[in-house]
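Keep in mind that what you see is a predicted model, and the values were worked out from it rather than measured.
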Number of protein chains: 2
Amino acid sequence: MQNKIFEGIASHRSIRKYKDQEVSDDIIHQIAETAMNASSSGNMQSYSIIVTKDKKLRKKLYPLHFKQSMVLDAPVLITFCADFNRMRKWVRQNRAPMNFDNYMSFMIASIDATLVAQNFALLAESVGLGICFMGTTLANAHEIGRVLNCPANVVPVVGFSLGYPDEAPEVRKRLPLSGVIHQEKYQDYTPEQVGEIYQERETLGMKRYSEVPELKKMMKKHRATNLAEVYTKVKYTRESHITYSQNVLTYLSEQNFMNHS
Amino acid sequence: MQNKIFEGIASHRSIRKYKDQEVSDDIIHQIAETAMNASSSGNMQSYSIIVTKDKKLRKKLYPLHFKQSMVLDAPVLITFCADFNRMRKWVRQNRAPMNFDNYMSFMIASIDATLVAQNFALLAESVGLGICFMGTTLANAHEIGRVLNCPANVVPVVGFSLGYPDEAPEVRKRLPLSGVIHQEKYQDYTPEQVGEIYQERETLGMKRYSEVPELKKMMKKHRATNLAEVYTKVKYTRESHITYSQNVLTYLSEQNFMNHS
């Protein structure tokens with residue numbers, strides 16, 4: 001099958017280098033307005049979209065996004081927040097019973113926010129802009145939320161840099177479809193299947209890590225000898241993930257999303 | 001701005017009535033293959049896509065999706081799961097240190113799954129199919145996951161019915177953009193702003209509830225006198241959300257996503 005939607009989605013790649021060129025509010029607003037037609041649980045639209053252009057503010061956010069260069073180099077940072085603050089204010093003003101201060105509400109809102117974010121990304125790419133999602137938005141939500149003045153019942157979930165691309169990287173290779181799709185029910189993987197699914201990725205990954213001097217050095221330093229070790233010894237350690245997990249769960253309590261009694 | 005991506009996203013509406021017409025595996029696979037080009041944290045693709053067509057299985061899932069008619073009436077049900085089972089098997093086979101059995105990993109995976117789901121939805125709509133997201137996928141993940149044989153480290157997060165539309169509903173009205181977008185930082189809402197943001201929705205909502213006899217009856221039964229009360233007395237009660245929250249959090253522990261010590 002081939003149409004403009006297939007072409008758009010198939011050509012996505014993350015952009016980490018940007019031209020020194022502003023993105024107009026008019027373009028951002030047109031994109032956001034259309035993106036908001038994403039499915040939304042009960043049509044509640046339990047999200048907010050924060051558009052940050054101010055350089056001082058981006059400098060404050062830069063270390064909180066673990067010094068990813070895009071925070072400074074792209075002209076715009078977009079942060080999609082799970083948001084039940086607005087809805088709860090409306091409910092209170094109408095003297096209706098309160099809700100949405102629990103974990104289920106956080107998840108409803110974070111799914112809503114993520115659906116809108118993906119629409120926003122595709123729309124931006126369709127008019128020549130580039131984006132790069134940053135997982136730090138959630139990993140460090142408690143600090144980012146404070147800088148962005150998020151009140152109770154608002155939590156940053158996903159975010160990306162936005163601007164005009166100054167690079168043209170290739171589309172990343174993905175796992176074979178047969179490794180990701182399941183017919184009828186989940187079909188668990190045999191060791192042989194796991195080997196096959198990740199084979200091409202291992203080959204490509206190890207090639208890259210042996211060719212780029214910094215990556216080669218990093219592997220040596222951490223005594224990583226295969227791609228799986230690069231993932232869990234270098235990029236995603238259990239220790240760092242436990243810290244992020246605890247921070248996020250504590251922040252969810254602080255932001256009034258954990259009242260279950 | 002106007003292009004095919006804008007047109008596609010702007011024309012989305014949930015489809016709840018479907019033709020009695022199969023969707024071929026070939027179409028589903030082409031959509032899934034392209035959808036997988038969504039951004040993915042560390043390119044880990046920590047999700048699985050379960051395609052359920054079997055009528056017996058959909059009958060089992062029907063009550064678990066709180067008897068939403070689409071589960072039986074649409075020919076296909078797609079369930080997107082947060083999945084670190086596959087990745088952990090690969091990590092273990094490569095004798096790398098283990099990870100991804102914590103809350104941060106669940107969130108990374110559930111964001112990945114949601115981004116792919118939105119791509120899938122847009123691609124499906126671009127070839128004449130219709131979808132309807134079902135929030136029950138997560139609200140009742142523990143029961144749906146059991147029926148779909150999800151092993152540890154796999155949790156259903158988002159899902160939708162899929163098929164050829166047998167209705168042509170209008171696009172739903174959304175909140176005004178000014179109520180959702182924030183410049184630079186989060187700008188909290190005054191009571192006046194909240195009133196303005198929800199005004200049109202209240203008017204349209206109350207009109208609908210006064211015109212459709214079943215809805216009118218339901219409002220009377222629950223003594224709901226305004227739209228906010230419909231939301232939190234009828235559709236989304238605090239009690240139901242607390243139950244879902246507890247179920248999801250317990251299931252995350254059972255599925256090995258809550259190891260933080």
Side-chain angles (χ1 to χ4, degrees), chain A residues 1 3-6 8-10 12 30 32-34 36-37 39 41 43 45 49-50 52 54 89-91 94 96-97 99 102-104 111 114-115 118-119 122 126 133 135 148-151 172 174-175 177 181-182 184-186 188 194 198 226 228-229 232 236 238 241-242 244-246 260, chain B residues 1 3-6 8-10 12 30 32-34 36-37 39 41 43 45 49-50 52 54 89-91 94 96-97 99 102-104 111 114-115 118-119 122 126 133 135 148-151 172 174-175 177 181-182 184-186 188 194 198 226 228-229 232 236 238 241-242 244-246 260:
Chain A
M1 277 172 301
N3 64 38
K4 292 287 175 190
I5 309 268
F6 274 77
I9 289 175
H12 160 74
Q30 287 190 56
E33 178 109 46
T34 303
M36 290 205 316
N37 196 38
S39 290
S41 195
N43 202 19
Q45 295 181 255
I49 305 171
I50 305 178
T52 307
D54 182 63
K89 289 199 158 162
W90 176 63
V91 166
N94 282 276
N99 185 15
N102 42 55
Y103 182 68
M104 188 66 208
I111 290 168
T114 307
L115 295 174
Q118 181 59 7
N119 271 1
L122 293 172
S126 82
F133 272 97
L148 294 178
N149 282 355
C150 294
R172 289 283 289 277
R174 304 296 179 185
L175 297 173
L177 178 64
I181 206 164
H182 303 255
E184 304 300 348
K185 293 181 182 189
Y186 194 97
D188 208 351
V194 170
Y198 287 92
N226 60 45
E229 286 185 339
T232 60
Y236 301 102
R238 196 151 186 279
H241 271 49
I242 287 176
Y244 305 151
S245 299
Q246 289 167 336
H260 303 147
Chain B
M1 275 172 302
N3 64 38
K4 292 289 175 189
I5 309 267
F6 274 76
I9 288 175
H12 160 75
Q30 286 190 57
E33 178 109 46
T34 303
M36 290 205 314
N37 196 38
S39 290
S41 196
N43 201 20
Q45 295 182 251
I49 305 171
I50 305 177
T52 307
D54 181 64
K89 289 199 159 163
W90 176 62
V91 167
N94 283 275
N99 186 15
N102 42 56
Y103 182 67
M104 187 66 207
I111 290 168
T114 307
L115 295 174
Q118 182 59 8
N119 271 1
L122 293 172
S126 82
F133 272 97
L148 294 179
N149 280 358
C150 293
R172 287 285 288 276
R174 304 296 180 186
L175 298 173
L177 179 65
I181 205 164
H182 303 255
E184 303 302 348
K185 294 181 184 191
Y186 194 97
D188 208 352
V194 169
Y198 288 92
N226 60 45
E229 287 185 338
T232 60
Y236 302 102
R238 198 154 183 279
H241 271 50
I242 288 175
Y244 305 150
S245 299
Q246 289 167 337
H260 302 145

Taking [options] one by one, which has the highest count of heavy-atom pairs under 4.5 Å against chain B?
options                               : value
A:Gln30, A:Gln246, A:Glu33            : A:Gln30
A:Glu229, A:Met36, A:Arg172, A:His241 : A:His241
A:Ile5, A:Asn3, A:Ile242              : A:Ile5

- Item | Which of B:Tyr198, B:Tyr244, B:Tyr236 touches chain A most, by non-hydrogen pairs under 4.5 Å | B:Tyr198
- Between B:Thr52, B:Leu122, B:Ile9, which shows the greatest number of heavy-atom pairs under 4.5 Å with chain A?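 Answer, by heavy-atom pair count under 4.5 Å with chain A: B:Ile9.
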Measure the spacing between [atom1] of [X] and [atom2] of [Y] and express it to the nearest 0.5 Å.
X        : Y        : atom1 : atom2 : value
A:Trp90  : B:Asn226 : CH2   : CG    : 7.0 Å
A:Tyr186 : B:Ile49  : OH    : CD1   : 12.0 Å
B:Lys4   : A:Lys4   : NZ    : NZ    : 9.0 Å
A:Leu175 : B:Gln45  : CG    : CD    : 4.0 Å
B:His182 : A:Asn149 : NE2   : CG    : 11.0 Å

- Could you tell me whether the side chain of B:Glu184 and the main chain of A:Asp54 form a donor-acceptor pair under 3.5 Å? yes
- Item | A:Thr232 side chain to B:Pro97 backbone, donor-acceptor under 3.5 Å |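 Yes.
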Ignoring hydrogens, what is the shortest heavy-atom contact between [X] and [Y]? Give both atom names and the distance.
X        : Y        : result
A:Ala32  : B:Leu177 : CB-CD1, 3.7 Å
B:Val91  : A:Ala228 : CA-CB, 4.1 Å
B:Met104 : A:Gly135 : CE-O, 4.3 Å

- Could you check A:Leu115 against B:Phe133 for side-chain contact (heavy atoms from CB on, under 4.5 Å), going step by step and ending with a plain yes or no? CA-CA 11 Å; A:Leu115 295 174; B:Phe133 272 97; 3.8 Å; yes
- Task: Carefully, step by step, assess A:Asp188 and B:Lys89 under the rule salt bridge (Lys or Arg N to Asp or Glu O under 4.0 Å).
- Result: CA-CA 10 Å; A:Asp188 208 351; B:Lys89 289 199 159 163; 3.0 Å; yes
- Min side-chain heavy-atom separation A:Ser39-B:His12 under 4.5 Å: yes
- So, B:Asn43 and A:Arg174: side-chain donor and acceptor under 3.5 Å apart, yes or no? yes
